S.K.: 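Just dropping this structure here.
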Amino acid sequence: MKPVRKAVFPVAGLGTRFLPATKSIPKEMLTIVDKPLIQYAVEEAREAGVEQMIFVTGRGKDALEDHFDIAYELEAVMRGRGKSLEALDSTRSIPGSIVSVRQQEPLGLGHAVWCAREIVGDEPFAVLLPDDLMWGKPGCLRQMVDAYERVGGNIICAQQVAREKTSSYGIITPGRSDGALTEVKGLVEKPKPEEAPSTLGVVGRYILQPEVMRVLDRQESGAGGEIQLTDAMAALIGTQPFHGLTVDAVRYDCGDKAGFVTANIALALERADVGPSVRAFIADLG
Ligand code: UTP
């Protein structure tokens, strides 16, 4: 079984639900406490053993690449003032470990993943949507890689969602379950609540086999006129092992304003530096 060494980060979306913040900064640069969403996702991938991060970007997304580059001027000034550079350590990356490709037009998540096909090559790969902040120990992708090493094939991150929310998710037709793993018999993108085959939704982490790129080569559009990753994955069911993993992690939907604010509060409360002040503030609210 080939290891998962590469991860695709589709970050070319327009982030229209988060305007005006996302007019000139990418959604993935919004911070949870003091770290941008993209960095949480990259750290999660590193923890899972991923060696190469592939950003699928678009116009106006240069800040994402800059974030993992060396900031010469900033570092020189800080050194000159005798300040610690420790806060920048986690943004350093091994040269060559971050590459980016452009998705010229936002034609959908499936299309964004397909844009990385030449770099992914003939290997299994992970996909992480940074606006789904997955908070767990071990990290969500680590848990998925552990499951992949047992059953192989394709593994998608699954979570129960409210029936009235099925039209916001890819929904799984479940087969047999074995602990946290559920066999995936079918997948449907954004079904109406009354048509959803279950309430087991797909959230933003995937381990996929490279054959999904051959399905995406067809460039077929689905729900909302977009090229959907869900449809391409559905075409692989029956030809390869396909499982949903219910991970032990909390998901914060940071593409949504309420989810973003919630994530900030939850992660701030866990921190030794800012936690006590935030807790005191909340206690004062009564
Ligand atoms: P979303 O639909 O949540 O992202 O796509 P969006 O389009 O940026 O947000 P809204 O709905 O307008 O607010 C899920 C993920 O897929 C990426 C997005 O960047 C996000 O990480 N994506 C989506 C692309 O990279 N390209 C696309 O064409 C569509």
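Everything numeric here is computed off the predicted structure, so don't read it as measured data. Order of listing sets the numbers, starting from 1, for every ligand and every atom in it.
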S.K.: Distance under 4.0 Å to a non-hydrogen atom of T16: what atoms of ligand 1 satisfy this?
M.R.: 10 (P), 12 (O), 13 (O)
S.K.: At a 4.0 Å cut-off, with the gap strictly under it, does some heavy atom of G15 reach an atom of ligand 1?
M.R.: yes
S.K.: Are R150 and D146 close enough for a salt bridge, meaning some N to O gap below 4.0 Å?
M.R.: no
S.K.: Under the 4.0 Å line, does any protein heavy atom show up next to atom 5 (O) of ligand 1?
M.R.: no
S.K.: Given the rule in the side-chain hydrogen bond (donor to acceptor under 3.5 Å, both in side chains) test, do W114 and Q103 qualify, once you have shown the distances and angles that lead to the verdict?
M.R.: CA-CA 9 Å; W114 178 78; Q103 183 191 29; over 6 Å; no
S.K.: Just need the protein heavy atom nearest to atom 14 (C) of ligand 1, so name the residue and atom and give the distance.
M.R.: L129 CD1, 4.1 Å
S.K.: If we only count heavy atoms from C-beta on, is the R205 to I155 side-chain gap below 4.5 Å?
M.R.: no
S.K.: Do any N/O atoms on F18 end up under 3.5 angstrom from N/O atoms on ligand 1?
M.R.: no
S.K.: Have a look at ligand 1 and work out which part of A112, if any, has a heavy atom under 4.0 Å from it: side chain, backbone, both or neither.
M.R.: side chain
S.K.: Does any N or O in the side chain of R279 come within less than 3.5 Å of the main-chain N or O of L269, such that one atom is a donor and the other an acceptor?
M.R.: yes
S.K.: Consider every N or O of G13 and every N or O of ligand 1, then say whether any pair is closer than 3.5 Å.
M.R.: yes
S.K.: Quick check on salt bridge (charged side-chain N to carboxylate O under 4.0 Å, His left out): which of E123, E118, E51 does K6 satisfy it with?
M.R.: E123
S.K.: Could you check atom 7 (O) of ligand 1 against the protein and tell me its nearest heavy-atom contact, residue, atom and distance included?
M.R.: L14 N, 3.8 Å
S.K.: Does D66 pair with K61 as a salt bridge, N-O distance under 4.0 Å?
M.R.: no
S.K.: Should the proximity of E105 to ligand 1, defined as any heavy atom under 4.0 Å, be assigned to the side chain, the backbone, both, or neither?
M.R.: neither
S.K.: Indicate yes or no for a side-chain donor-acceptor contact from S97 to the backbone of S93 under 3.5 Å, with no hydrogens or angles considered.
M.R.: no
S.K.: Return the residue, atom name and 0.1 Å-rounded distance of the protein heavy atom closest to atom 11 (O) of ligand 1.
M.R.: R17 NE, 3.1 Å
S.K.: Using a 4.0 Å heavy-atom threshold (strictly under), name the region of K27 that reaches ligand 1: side chain, backbone, both or neither.
M.R.: side chain
S.K.: Do R163 and E194 sit within salt-bridge range, that is, some charged N less than 4.0 Å from a carboxylate O?
M.R.: no
S.K.: What is the nearest protein non-hydrogen atom to atom 16 (O) of ligand 1, stated with its residue, atom name and distance?
M.R.: L109 CD1, 3.6 Å
S.K.: Of all the non-hydrogen atoms in the protein, which one sits nearest to atom 25 (O) of ligand 1, and at what distance?
M.R.: A12 N, 2.9 Å
S.K.: Please check if the side chain of D253 supplies one atom and the backbone of D132 the other of a donor-acceptor pair under 3.5 Å.
M.R.: no
S.K.: Between Q103 and ligand 1, which residue portion shows a heavy-atom distance shorter than 4.0 Å: side chain, backbone, both, or neither?
M.R.: side chain
S.K.: Before giving the answer on side-chain hydrogen bond (donor to acceptor under 3.5 Å, both in side chains), spell out for S177 and T182 the whole-Å C-alpha distance, their side-chain angles and the decisive distance to 0.1 Å.
M.R.: CA-CA 4 Å; S177 284; T182 302; 3.1 Å; yes
S.K.: Between G108, P10, G58, P106, which one has a non-hydrogen atom sitting closest to atom 29 (C) of ligand 1?
M.R.: G108
S.K.: With distance as the sole criterion, is a donor-acceptor pair present between the side chains of Q209 and N154 under 3.5 Å?
M.R.: no
S.K.: Is the shortest N/O to N/O distance between L107 and ligand 1 below 3.5 Å?
M.R.: yes
S.K.: So is E28 in contact with ligand 1, going by heavy-atom distances below 4.0 Å?
M.R.: yes
